[in-house]
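Here's the structure we're looking at; comments come further down.
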Amino acid sequence: MQALIVGAASPHHEPIEETLRAHGYEVFHAGMPDDAWTVYEEAPPHLVVLMGIGPQSLALARRIRASEHGDAVILLAMVHPDAEDYLQGVLEAEVDDCVSGQADPSYLKARLALAARRSHRRVRRREIENELAVRLRQQATVAELGRRALIGMPWRALMGEAVSITARALDVEFCKVLEYRPDEEVFLLRAGVGWKEGLVGQARVEAGEDSQAGYTLKVGEPVVVENLATETRFSGPPLLTEHGIVSGISVILMVEGEPYGVIGIHTTRPRAFQEDDVNFLQAVANVLAEAVEHDRFKEKLLRERNFVSAVLKTAGALVVVLDAEGCIVRFNRACEQTTGYTLDEVKGRKVWDFLLIPEEAEGVSAVFAELQAGASNDYENYWVTKQGERRRIAWSNTVLTDETGAVEHVIGTGIDITEQMQTRQAFQESEARNRAILDTTVDGIITIDEQSIVESFNTAAERIFGYQADEVIGRRVNMLMPMPYREEHDSYVQNYIETGHRKIIGIGREVVGLRKDGSIFPMDLAVSELVLEDRRIFTGIVRDVSERRSLEQEILRISEQERRRIGQDLHDGLGQMLTGIGLITKNLARSLEHQDHPGADEVTEVTELLKEADQHARILARGLMPVDLEATGLSAALRRLSVNAGRLFGIRCTFEEVGEVLIDDNSVATHLYRIAQEAVSNAVKHGRAEQVRISLAAGRQIRLRIHDDGVGFPESIDEERRGMGVRIMHYRARVIGATLDITDGHDGGTTITCTLRRAGEPIHLAEDLTI
């Protein structure tokens with residue numbers, strides 16, 4: 001045990017140091033907190049005494065408590081009698097105790113002794129916890145070997161499994177099973193791990209006293225070697241020395257009272273093995289020995305095999321064996337550790353007389369009677385420990401009978417589920433709270449796995465899609481998507497898993513969904529990804545935006561109507577007035593010319609200005625209502641757009657129409673015109689195009705396509721990086737129920753395609769509803 005005193009040297013150090021040394025501590029000193037931290041990092045002490053509670057000392061305390069070993073350190077602060085407002089600081093720093101530096105020496109000694117005992121207990125508890133974890137893993141290893149033996153694994157194959165599992169459990173490089181061949185006075189390396197290739201099944205070791213295996217066979221008990229180089233009891237055989245073995249353990253495999261061979265573990269690192277390591281290896285040897293005996297004498301040792309198998313199934317668990325009267329015959333170590341009773345204290349006593357709570361004693365007695373009658377059951381009850389603590393145990397019972405069928409023993413195997421029960425209860429409460437939140441949220445929440453299988457479907461999602469949760473859970477999520485998403489979604493998910501390219505995760509976008517009644521609706525979708533230890537899940541949050549989309553369409557419709565009204569007023573009102581005034585001034589100019597009036601030229605100039613104003617007003621009117629009310633108005637407007645673009649931008653812009661495109665809804669036609677107008681503008685301004693081709697085609701769908709020979713569109717572009725013009729084009733397409741697709745042209749440049757399905761035609765969208 002080590003202790004560290006932090007603070008400048010003073011007379012107070014001596015009594016503190018003496019007390020700590022009296023309690024078995026090796027004491028170190030550090031004058032400053034920074035020096036103390038250096039000492040702490042090199043070898044964390046078990047007890048730290050702060051000779052003051054200044055800011056630096058408290059900072060050191062917090063730093064120690066936050067370190068890897070901080071929870072095992074006892075922090076003791078020496079407080080000056082006049083110190084004020086120190087309590088909050090020491091609480092925040094998680095100091096275990098405070099003692100006045102001017103306290104009576106006997107009192108100080110007692111408080112230091114108390115801190116020392118607390119430190120010893122804390123260290124011991126941590127050692128016990130670590131040791132218990134190791135032993136539990138070892139017990140689980142024995143249980144697994146026992147399970148494999150019981151399911152009928154051939155004993156030779158079982159040995160191969162045993163050496164691998166044992167080497168891992170004890171953290172060694174080598175493990176072997178040597179089969180003793182007395183007629184040859186050698187051992188055969190029957191199974192092993194870590195040895196050079198080709199040795200297992202071939203290598204032989206002399207069975208004389210010069211080898212560790214031979215010596216183990218001679219003394220008849222486990223042999224532990226800490227350093228083979230200094231070993232005096234025997235010499236190292238070539239099998240060990242050629243592999244650089246330093247330390248190891250070997251135990252005998254006894255089958256039917258005769259040595260079958262030796263099982264050993266070895267390492268190239270110096271190591272002091274513990275008694276529990278020997279016990280574990282002996283337990284493995286016992287499992288292997290039982291497997292050999294079972295295989296050799298199956299019929300002869302049937303009753304013994306059943307008994308051993310039942311015990312092996314519960315290695316590491318509670319095992320209690322009762323006789324036909326219900327009295328305890330065996331009480332394994334796990335039972336002793338759980339209850340605090342030893343086998344000697346409970347042997348011959350009935351379980352229901354002292355280990356059960358009163359309200360369950362009568363029921364367990366009845367269970368025992370049912371078992372004797374041939375019933376088999378699993379149940380749970382409480383055991384009361386020697387200290388009065390209640391532990392919840394899950395039991396499984398097995399009845400052993402003799403050759404006549406009479407009950408001989410009842411073996412109860414149990415697992416202490418107290419902590420698991422508490423954890424399960426807390427988990428159920430947490431799950432209930434989470435379910436309540438999910439079921440009351442207005443947004444639909446859907447989770448899927450990597451195979452796109454729906455795992456959860458909340459109440460809001462039921463309302464949005466029209467399905468009940470049990471109709472969706474366990475099925476592919478693409479059932480909620482219209483074509484073509486349904487067929488393409490799985491490939492999109494796989495592509496994301498392989499490439500990591502995101503389209504919605506962490507961004508969100510507007511997509512379309514498919515209700516149970518077959519209707520298609522717009523929705524906002526945000527997807528998040530959760531990577532678990534062995535898999536990942538995706539959570540989609542869905543909001544139905546049908547009402548919002550209808551409102552946006554209405555706003556755009558009113559806006560377009562207002563634009564057309566203003567354009568009509570400019571055309572019919574201001575335009576006609578300017579035309580009339582122009583005619584008047586023109587006549588006036590002619591009259592003044594005939595009269596040789598000097599103002600004739602000025603009036604002529606006014607006439608020209610009025611003509612230009614009239615043309616400008618008509619251009620403004622045409623911009624506000626570019627599409628005529630007739631069904632063929634879109635074609636005429638696009639043709640004018642191509643002519644004006646060529647004139648304004650100095651490029652070659654053409655328009656072609658395939659088939660007769662008739663659009664009766666002027667609002668739809670206007671949105672298509674605006675998309676083309678924005679695409680042409682982008683091609684010139686951003687794409688630096690010299691040629692632009694506008695095409696309008698009619699068929700089962702109406703398709704507007706604008707292709708340019710510019711520099712092209714970026715290869716990858718997401719919603720965050722798209723310009724306002726591109727967003728508006730997508731928005732206009734969604735408003736009229738169309739789709740917009742932006743791709744690279746086959747011969748360079750950019751191709752923008754807007755597809756509008758006719759009424760009654762199936763939806764065919766270009767964008768994908770993917771993660």
Side-chain angles (χ1 to χ4, degrees), residues 425-490 492-493 496-497 502-532 535-555 718-720 727 730-731 733-735 737 739 763 765 767-771:
Q425 183 177 357
F427 175 77
Q428 290 172 345
E429 292 175 356
S430 175
E431 188 178 45
R433 287 194 297 270
N434 292 337
R435 174 54 60 183
I437 293 173
L438 291 176
D439 288 343
T440 56
T441 183
V442 298
D443 292 332
I445 300 178
I446 307 168
T447 61
I448 65 172
D449 62 15
E450 293 177 279
Q451 285 71 46
S452 300
I453 303 301
V454 178
E455 294 187 349
S456 68
F457 197 76
N458 76 336
T459 302
E462 293 180 336
R463 183 178 65 254
I464 292 173
F465 288 94
Y467 288 99
Q468 295 298 311
D470 56 6
E471 297 180 277
V472 180
I473 293 175
R475 300 178 62 185
R476 293 191 177 276
V477 73
N478 60 8
M479 67 179 291
L480 306 176
M481 305 172 189
M483 296 293 290
Y485 307 144
R486 179 172 299 180
E487 295 180 351
E488 300 172 350
H489 180 266
D490 290 348
Y492 292 140
V493 173
Y496 165 69
I497 293 173
R502 299 183 174 195
K503 295 187 177 180
I504 288 185
I505 290 181
I507 301 173
R509 67 191 299 179
E510 182 178 308
V511 294
V512 292
L514 179 66
R515 292 191 176 95
K516 184 178 180 179
D517 61 9
S519 61
I520 298 171
F521 67 98
M523 64 184 188
D524 283 339
L525 173 63
V527 180
S528 62
E529 177 187 16
L530 176 61
V531 179
L532 304 176
R535 68 189 188 103
R536 74 179 85 187
I537 61 174
F538 302 97
T539 301
I541 300 178
V542 175
R543 177 171 294 179
D544 187 345
V545 295
S546 301
E547 185 177 348
R548 186 180 75 191
R549 186 61 58 241
S550 298
L551 181 60
E552 291 172 348
Q553 290 176 336
E554 182 64 17
I555 292 173
D718 55 34
E719 295 290 344
E720 296 294 328
R727 294 186 183 186
H730 276 288
Y731 181 75
R734 288 197 300 267
V735 165
T739 61
I763 189 169
L765 305 178
E767 289 190 301
D768 51 271
L769 175 59
T770 73
I771 58 174

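Because the structure is predicted, anything quoted here is derived from the model rather than measured. Atom set for the values below is all heavy atoms of this structure, side chains included, hydrogens, waters and symmetry mates excluded. Position 1 is the first residue of the sequence; numbering continues from there.
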Less than 3.5 Å apart, which donor and acceptor atoms pair up between the side chains of residues 513-526 and the rest of the protein, not counting sequence neighbours?
from: Arg515; atom 1: NE; to: Ile464; atom 2: O; distance (Å): 3.0
from: Arg515; atom 1: NH2; to: Asp544; atom 2: OD2; distance (Å): 2.4
from: Lys516; atom 1: NZ; to: Glu471; atom 2: OE1; distance (Å): 3.4
from: Lys516; atom 1: NZ; to: Glu471; atom 2: OE2; distance (Å): 2.8
from: Asp517; atom 1: OD1; to: Ser519; atom 2: N; distance (Å): 2.9
from: Asp517; atom 1: OD1; to: Ser519; atom 2: OG; distance (Å): 2.7
from: Asp524; atom 1: OD1; to: Arg548; atom 2: NH2; distance (Å): 3.3
from: Asp524; atom 1: OD2; to: Arg548; atom 2: NH1; distance (Å): 3.2
from: Asp524; atom 1: OD2; to: Arg548; atom 2: NH2; distance (Å): 3.0

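Side-chain atoms of Arg476 come within 3.5 Å of backbone atoms of Gln451 as a donor-acceptor pair (strictly under, hydrogens ignored). Of the possible polar contacts, one joining the Glu462 side chain to the Ala469 backbone as a donor-acceptor pair under 3.5 Å is found.
Side-chain atoms of Phe465 and Val542, non-hydrogen and from C-beta on, do get closer than 4.5 Å to each other.
Contact detail for Phe538 and Glu450: the closest heavy-atom pair is CE1-CA, 4.4 Å. Taking every heavy atom of both residues into account, Val512 and Pro482 meet most closely at CG2-CG, 3.7 Å. Between Gly444 and Asn458, the shortest heavy-atom contact is CA-OD1, 3.5 Å. For the residue pair Ile446 and Val454, the shortest heavy atom distance occurs at CG2-CG1, 4.0 Å.
For the atom pair CD1 (Ile448) and CZ (Arg536), the distance works out to 11.5 Å, reported to the nearest 0.5 Å. Between the CG atom of Asp449 and the CZ atom of Arg535 there is a distance of 6.5 Å, given to the nearest 0.5 Å. Separating the CG atom in Asp443 from the CZ atom in Arg543 is a distance of 4.0 Å, to the nearest 0.5 Å. Here Thr447 contributes atom OG1 and Ile473 contributes atom CD1; the two are 8.0 Å apart, rounded to the nearest 0.5 Å.
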